[in-house]
Amino acid sequence: MIETEAWVLYERSGAAQSALDSGDFRLEKFSFPAPASDELLVEPLFGSWEGNMTHSLQRRPIDICSQRRERRVVIGNGSVLRVLRAGADVRGIHEGAVGILYGGHVQDEFGYTVLVQGYDAPGTVGVLAKRTKIAARNFLPLPLESQHRLEQWAAFSVRYLTAWSNYRVALGAYRLQIDEHQDPAPFVLGWGGGSTLAALELAQRAGSRTAMVTGSPQRLAELDRSGIGGIDRRAFADIEFDESRYHGDPGYREAYRASEQAFLATVRDWTGGRGAAIVFDYIGAPVFRASVKALARQGVLATAGWLLGMQMTMNRAIECIGRHIHVHSHYIRHSDSPAAMHYAEREGWMPQVSEIYSWEEIGRLARDAAAGRLRSYFPVYCVNPV
């Protein structure tokens, strides 16, 4: 057995839904079986706080401990790792090698992720631990003498890989209907967090006209400096859609309609009346209706997560007539990851990390994330000394 120190999430112990309200998330000793012959013993150096970690602690939309049928688990799947020991059957990976974790612990026959290490894959140990083990095939080595910092690669490991896959499928879907000569610089809109920003950066680099929705003055200023247009969400503060309230609360319905019309007017003004060729909506149910309405004909709605809400209602006839394509993706195919990493290293397509928490501050980081107090799209934490 391997004994380490970890931030451990326990099964629900009382009435409180969130582990942050019950003491069910705490720093303590944790043991796990030694790595098998095709596995690596590794130590995380930096980790990236991902949305699925907050979901796990809030036990929404699923209760990880209950789903995995485990009394306690260690979460976390975005990380830069250093190899401590390689199993007997591992070739080409040696002690001291540094890389990122490919989080798809269970993959389908084509290499696409089904279950994620440190989240919904049973028996896995995430990167909120001083030591953990991973399948050797899921170790993605970093470029030697990379020009980018390790904490940037940690933030890259989930959000940017997710964006790479989702953007490529979304753009490909759009180009199946609209040739490049017909629309050489598509309007691409997004709202969400770090993955949305990463996808918009790819679109911008390819010559698209891009804009992102946010209600944060700091992030609006950052978008302006990056060349991505900022759309101030505060101008349509009641844009979050709740279907039951919409049908049962006249006051709410009126406020929602006013915000939706203000949002769509903003999009029409920005696109010259055309609507967006691609909308990256990584939020979910609260903005799905507005996202679909913001699409141009032949537009593509692209999603790669379910931050808020998993069930959506749509008018199928309207979507068919508009020839809208809906793209849903989850993380990235294993074999596509090296290409994304090589592009990032060569072109400087990397997150800007400005917020790093210490190992002892992870409890505060978890609370900041749950309360929406994070200042950065890319919060990173230290685990072991570099």
Side-chain angles (χ1 to χ4, degrees), residues 40 42-50 76-83 86 91-104 111-113 117 127 134-172 188 190 193-208 210 222 225-228 280 304 329 331-356 376-384 386:
L40 306 173
V42 297
E43 57 177 1
L45 301 178
F46 290 98
S48 173
W49 191 269
E50 301 297 331
N77 40 70
S79 182
V80 166
L81 311 163
R82 180 164 52 210
V83 176
R91 300 290 179 266
I93 303 175
H94 305 287
E95 179 182 341
V98 176
I100 63 176
L101 169 65
Y102 177 81
Y112 289 101
T113 297
Q117 174 159 353
V127 297
I134 68 171
R137 69 178 186 278
N138 289 344
F139 180 79
L140 301 174
L142 291 183
L144 295 176
E145 300 182 358
S146 172
Q147 61 182 316
H148 306 299
R149 303 188 311 276
L150 294 181
E151 55 265 36
Q152 289 181 283
W153 280 111
F156 175 95
S157 63
V158 174
R159 288 175 170 90
Y160 272 61
L161 289 178
T162 295
W164 175 269
S165 181
N166 193 241
Y167 168 75
R168 286 167 59 84
V169 178
L171 180 63
V188 180
S195 294
T196 305
L197 180 59
L200 292 174
E201 288 173 351
L202 282 173
Q204 180 191 42
R205 288 167 178 269
S208 294
T210 56
E222 292 173 356
R225 289 192 294 271
S226 72
I228 296 173
F280 290 104
S329 67
Y331 197 32
I332 188 173
R333 181 166 53 179
H334 186 283
S335 59
D336 293 336
S337 301
M341 294 173 68
H342 293 156
Y343 177 87
E345 176 67 23
R346 184 180 70 250
E347 301 295 333
W349 176 59
M350 294 291 290
Q352 299 304 308
V353 175
S354 60
E355 201 169 12
I356 302 178
S376 169
Y377 284 125
F378 308 106
V380 169
Y381 55 89
C382 303
V383 183
N384 286 292
V386 176

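The analysis underlying the following values was restricted to heavy atoms, covering all of them including side chains, and did not include hydrogens, waters or symmetry mates. Owing to the predicted nature of the structure, the values given are computational and were not obtained by experimental measurement.
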Open item on the list: Tell me whether Glu355 contacts the main-chain N or O of Ser376 through its side chain, where contact means a donor paired with an acceptor under 3.5 Å.
Closed with: yes

- [ ] Using modelled atom types only, decide if a donor and an acceptor are shared between the side chain of Asn384 and the backbone of Leu45 within a distance under 3.5 Å.
- [x] no

Task: Pairwise distance CG(Leu40) to NE2(His94) - rounded to 0.5 angstrom - done: 11.0 Å

TODO: Mark yes or no for whether Arg159, through its side chain, and Thr196, through its backbone, hold a donor-acceptor pair below 3.5 Å.
DONE: no

Open item on the list: Restricting to non-hydrogen atoms, name the atom on Ala170 and the atom on Phe280 that form the minimum distance, rounded to 0.1 Å.
Closed with: CB-CE2, 4.2 Å

Open item on the list: So which atom in Ala340 and which in Ile332 form the shortest heavy-atom distance, rounded to 0.1 Å?
Closed with: CB-CD1, 4.5 Å

Task: Residues Phe46, Trp153; criterion ring-ring contact (aromatic ring centres under 6.0 Å, His included); working and verdict - done: CA-CA 9 Å; Phe46 290 98; Trp153 280 111; over 10 Å; no

Task: Nearest heavy-atom neighbours spanning Thr210 and Ile228 - done: OG1-CG1, 3.6 Å

Task: Check: Trp164 ring centroid to Tyr343 ring centroid under 6.0 Å - done: yes

Task: Separation of Asn166 CG from Tyr331 OH (nearest 0.5 Å) - done: 14.0 Å

Task: Residues, nucleotides or ligands: over 12 heavy atoms within 6.0 Å of Glu95 CD - done: no

Open item on the list: For Val380, is there any backbone N or O sitting under 3.5 Å from a side-chain donor or acceptor partner on Ser48?
Closed with: no

- [ ] Specify whether Tyr102 and His334 have parallel, tilted or perpendicular ring planes, treating 30° as the upper limit for parallel and 60° as the lower limit for perpendicular.
- [x] perpendicular

Task: pair Val98-Pro141: side-chain heavy atoms closer than 4.5 Å - done: no

- [ ] For Arg82 and Val386, indicate whether the former's side chain and the latter's backbone hold a donor-acceptor pair under 3.5 Å.
- [x] yes

- [ ] Calculate, to the nearest 0.5 Å, the distance between atoms CG and OG belonging to Leu140 and Ser157 respectively.
- [x] 9.5 Å

Task: Other residues, nucleotides, ligands: >12 heavy atoms within 6.0 Å of Arg149 CZ - done: yes

- [ ] Drop me the distance from Ser146's OG to Gln152's CD, to the nearest 0.5 angstrom.
- [x] 8.0 Å

Open item on the list: We want to know whether Ser165 and Arg333 form a side-chain donor-acceptor pair, criterion being a heavy-atom distance below 3.5 angstrom.
Closed with: no

TODO: Return yes if some donor-acceptor pair links the side-chain N/O of Glu201 with the main-chain N/O of Trp349 below 3.5 Å, else return no.
DONE: no

Open item on the list: Please find the pair of heavy atoms, one from Ala136 and one from Ile93, that lie closest to each other, and give the distance.
Closed with: O-CD1, 3.7 Å

Open item on the list: Taking the ring of Tyr160 and the ring of Phe378, is the distance between their centroids below 6.0 Å?
Closed with: yes

Open item on the list: Between Ile100 and Met341, is the side-chain contact (heavy atoms from CB on, under 4.5 Å) condition met? List the steps.
Closed with: CA-CA 10 Å; Ile100 63 176; Met341 294 173 68; 3.8 Å; yes

- [ ] Can you see which heavy atom on Val127 is nearest to which on Ser79, and at what distance?
- [x] CG1-CB, 3.6 Å

TODO: Identify which one of Val42, Leu101, Leu150 satisfies the side chain to side chain contact (heavy atoms under 4.5 Å, CB included) criterion when paired with Val80.
DONE: Leu150

Open item on the list: With rounding to the nearest 0.5 angstrom, report the CD to NE2 distance, Glu345 to His148.
Closed with: 4.5 Å

Open item on the list: Using 0.5 Å steps for rounding, measure from the CD atom of Glu222 to the OH atom of Tyr377.
Closed with: 7.5 Å

Open item on the list: Please check this pair: side chain of Thr162 against backbone of Val158, looking for a donor-acceptor N/O pair closer than 3.5 Å.
Closed with: yes

Task: Nearest heavy-atom neighbours spanning Ala206 and Tyr167 - done: CB-OH, 3.5 Å

